[in-house]
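Take a look at the structure set out below.
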Amino acid sequence: MAYKRITVEEAASLINDGDMLGVSGFTPSGNPKGFFRALSRRAVQLHEGSQPFQVGLITGASTCQSVEGDLAKAQAIKFRAPFATNKDFRIHTNLGEIDYEDMHLGHMAERLRHGFYGELDWAIVEVSDMVEGQDICKAYLTSAGGITATVVRLAKRVIIEHNTFHSPDSRLLHDTFEPTDCGYGRMPIPILTPKDRVGDNFIAIEAWKIAGVIETNIPEEARSFNEPDEATTQIGQNVAELLANDILLGRIPKTFLPVQSGVGATGNAVFKSLAASKLIPRFHVYSEVVQDAAIHYMLEGKIIDASATAMTVSNDHLKMVYDNIDYFAKHLTLRQSEIANSPEIIRRLGVIALNTALECDIYGNENSSHVCGSTLMNGIGGSCDYERNGFISIFTTPSTAKGGAISAIVPMCCHVDSTEHDVDVIVTEQGIADLRGKGPLRRAEEIIEHCAHPEYRPLLRDYLKHIAPRGHEPQSMRAALAFHDTFLRKGDMRLTDFSEYTV
């Protein structure tokens, strides 16, 4: 049988004000773009006619401009979870227009199953191919897994966007497995190595739910990341040095352990340094995403196998995967996010967690989401899924930003995403602060002397020696956020004068 074909405009017209939408994809990959472009246009038209129109948006991770960016500009998002990185979304969220829940990515599918977000009205799903059965549609996902298996099962209705930009062979990469509900009957997830596959390569959708199929041919809205610069290159080399030394000390097995890395230029630089190091053996990746660097080193054989939720890659590298599908079908697995971010599997495999921070304080607390305490930059994503459960939790960041006006090492984080209890190592281009087995004051010395920029070390030493009262973890409530306060008032943290904050 053939399901009803509809236009993007017809699909968008099915959505009502207040509907809750669950969406396929993870990062900019695998999102249904044609539908959301039409939905944003409809929202603008309705608003011009003074008609209310806003929807709830639940996704696997961040999406792309066509989804959260355009909808935010159209003032059409009422609620959003769990993660976003788009500039337009950020602007409208910081204006107070969007109710945004910043949530761990590994929790989303389960929270949906438990009813924390109420009923899901629609699932909007991008596919590369499908088998249009009378009772069940076997839908083959494109470049990402996300929370798709859960949203199509829970949603009242489903709209499928068949995007022929993607090769139907993308089905050879997917492993779709949805755990049973929590309780005594829940069995362990049977993944013992990064390459294990335990589910199906399709998403099962009840045919009666399908309101229509949209035909599109739209490239991924891939984000471009800067080539590694001097700072990110040095950060990558520092990480490789740290891990190579841990192998020599017997802390990491000589066969190494799977690696997780967040999205961005620093992540690509880290993979480049690991691949170039003669002291790091060939390794596996167990992560949320694979980026261009991972695809490159998989073809070279430095990365043996990779497991992720999405190919967050340029379209050139996506084509590279499809052109070499026989190879990647054996070495690359795309999963649902609650499997990729499962604490059970991360701990079992001993994943080395590598994530990026906006700032870290002198005791090891980390902020990856908010600037100066209030302004959203990005969500936490899946960093906490990995850093809390990984074998080693490493956070990387350049030591300064804005030409040196901002220090990434501060007396106290203005917003905490990962606590000091879950951060093992901090790495900047200045060096490595190994915090394992150290109390607060020794941690502070490590971070100041090895990670802070030389221009900020005297200020941080002054804070620690003369400003903070003594105690197990010395802090001055008057001066702890002096760096941030000075930046907001004067535009440069280097102008901090702690005497302004003394009694």
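- For the residue pair E68/T63, the side-chain donor-acceptor check at 3.5 Å is satisfied.
- Put simply, the side chain of R90 never gets that close to the backbone of N378: no donor and acceptor are under 3.5 Å apart.
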**Q.** Trace of the salt bridge (charged side-chain N to carboxylate O under 4.0 Å, His left out) decision for R442 with D434
**A.** CA-CA 10 Å; R442 290 173 64 200; D434 190 342; over 6 Å; no
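- S66 and E221 share a side-chain donor-acceptor pair at under 3.5 Å.
- Within a 6.0 Å sphere centred on NZ of K78, heavy atoms belonging to other residues, nucleotides or ligands number 12 at most.
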Q: Start with the C-alpha distance between I362 and I448, add both sets of side-chain angles, then the distance that settles side chain to side chain contact (heavy atoms under 4.5 Å, CB included), and finish with yes or no.
A: CA-CA 7 Å; I362 58 175; I448 293 171; 3.9 Å; yes
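- D292 and S314 form a side-chain donor-acceptor contact under 3.5 Å, judged by distance and modelled atom types alone.
- Ring orientation note: the planes of F79 and Y117 are tilted relative to one another, at an angle of 30° to 60°.
- Listed here is the closest heavy atom pair of A310 and T27: CB-OG1, 3.9 Å.
- The distance from atom CD1 of I426 to atom OG1 of T396, rounded to the nearest 0.5 Å, is 10.5 Å.
- For D305 and Y286, the side-chain atoms include no donor-acceptor pair closer than 3.5 Å.
- If you take CD1 on I380 and CG on D102, they are separated by 5.0 Å, rounding to the nearest 0.5 Å.
- With hydrogens and angles disregarded, a donor-acceptor distance shorter than 3.5 Å links the side chain of R443 to the backbone of E420.
- By the neighbour-count criterion of 12 heavy atoms within 6.0 Å, atom CZ of R113 is densely surrounded, having more than that number from other residues, nucleotides or ligands.
- Residues N31 and G25 come closest through the heavy atom pair ND2-CA, 3.5 Å.
- Residues I191 and I339 meet the side-chain proximity criterion, which asks for heavy atoms closer than 4.5 Å.
- In summary, the side chains of T428 and S399 do not present any donor paired with an acceptor at a separation below 3.5 Å, with no hydrogens or angles considered.
- Side-chain atoms of I247 and L279, non-hydrogen and from C-beta on, never get closer than 4.5 Å to each other.
- Around atom NZ of K402, no more than 12 heavy atoms belonging to other residues, nucleotides or ligands sit under 6.0 Å away.
- Between the R347 side chain and the R388 main chain, a donor and an acceptor come within less than 3.5 Å of each other.
- Residues V351 and V259 have side chains not in contact (no heavy-atom distance under 4.5 Å, counting atoms from C-beta outward).
- Between the S62 side chain and the F83 main chain, no donor and acceptor come within less than 3.5 Å of each other.
- Not less than 6.0 angstrom separates the ring centroid of F483 from the ring centroid of Y463.
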Q. Would R489 and H484 count as a side chain to side chain contact (heavy atoms under 4.5 Å, CB included) if you check the C-alpha gap in whole Å, the side-chain angles of each, and the deciding distance to 0.1 Å?
A. CA-CA 9 Å; R489 290 187 296 111; H484 303 88; over 6 Å; no
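- Only one option out of E178, E110, R111 pairs with T150 in a side chain to side chain donor-acceptor pair (under 3.5 Å); it is E178.
- A side-chain donor-acceptor contact under 3.5 Å links R80 and T59.
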**Q.** salt bridge (charged side-chain N to carboxylate O under 4.0 Å, His left out) assessment of E344 paired with R348
**A.** CA-CA 6 Å; E344 171 192 339; R348 178 185 298 141; 2.7 Å; yes
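- Ring orientation note: the planes of Y100 and F89 are nearly perpendicular, at an angle over 60° on the 30°/60° scale.
- K302 NZ: more than 12 foreign heavy atoms inside a 6.0 Å radius.
- Heavy-atom minimum distance, F271 versus A294: CE1-CB, 4.3 Å.
- In summary, the side chains of H415 and S369 do present a donor paired with an acceptor at a separation below 3.5 Å, with no hydrogens or angles considered.
- E230 CD: 12 or fewer foreign heavy atoms inside a 6.0 Å radius.
- Minimum interatomic distance between D361 and P411 (heavy atoms only, all atoms of both residues): CB-O, 3.5 Å.
- Between the side chains of T486 and T496, at least one donor N or O lies within less than 3.5 Å of an accepting N or O.
- Expressed to the nearest 0.5 Å, how far CG of D385 lies from OG of S342 amounts to 9.0 Å.
- Under the 3.5 Å distance criterion, the side-chain polar atoms of D246 are left unmatched by any main-chain donor or acceptor of L249.
- Panel note: side chain R282, backbone I304; no donor-acceptor pair is recorded below 3.5 Å.
- T309 and R335 share no side-chain donor-acceptor pair at under 3.5 Å.
- Side-chain atoms of T419 and N365 include no donor-acceptor pair closer than 3.5 Å.
- Side-chain contact of S24 with E126: a donor-acceptor pair under 3.5 Å is absent, judged by distance alone.
- Ring geometry for H166 versus Y322: interplanar angle over 60°, hence perpendicular rather than tilted (30 to 60°).
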Q: Would you sort out whether E220 and N315 count as a side chain to side chain donor-acceptor pair (under 3.5 Å), showing the intermediate values?
A: CA-CA 7 Å; E220 291 288 24; N315 283 314; over 6 Å; no
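- E359 and T397 share no side-chain donor-acceptor pair at under 3.5 Å.
- Panel note: side chain Q336, backbone A149; a donor-acceptor pair is recorded below 3.5 Å.
- A donor-acceptor contact shorter than 3.5 Å links the side chain of H453 to the backbone of E455.
- Taking the side chain as every heavy atom from C-beta outward, M477 and Q475 approach each other to under 4.5 Å.
- A donor-acceptor contact closer than 3.5 angstrom is absent between the side chains of Q430 and N238.
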Q: Start with the C-alpha gap between F36 and D70, add the side-chain angles, then the distance that decides, and say whether side chain to side chain contact (heavy atoms under 4.5 Å, CB included) holds.
A: CA-CA 8 Å; F36 278 100; D70 289 351; over 6 Å; no
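- Classification of the F116-H114 ring pair by plane angle, with boundaries at 30° and 60°, yields tilted.
- The shortest distance between side-chain heavy atoms of V23 and V151 does not fall below 4.5 Å.
- Across all non-hydrogen atoms, the minimal contact from E387 to S418 is OE2-OG, 3.1 Å.
- Annotation for M320 and I295: closest pair SD-CG2, 4.1 Å, computed over non-hydrogen atoms.
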Q: Before giving the answer on side chain to side chain contact (heavy atoms under 4.5 Å, CB included), spell out for F165 and L318 the whole-Å C-alpha distance, their side-chain angles and the decisive distance to 0.1 Å.
A: CA-CA 11 Å; F165 174 81; L318 183 61; 3.9 Å; yes
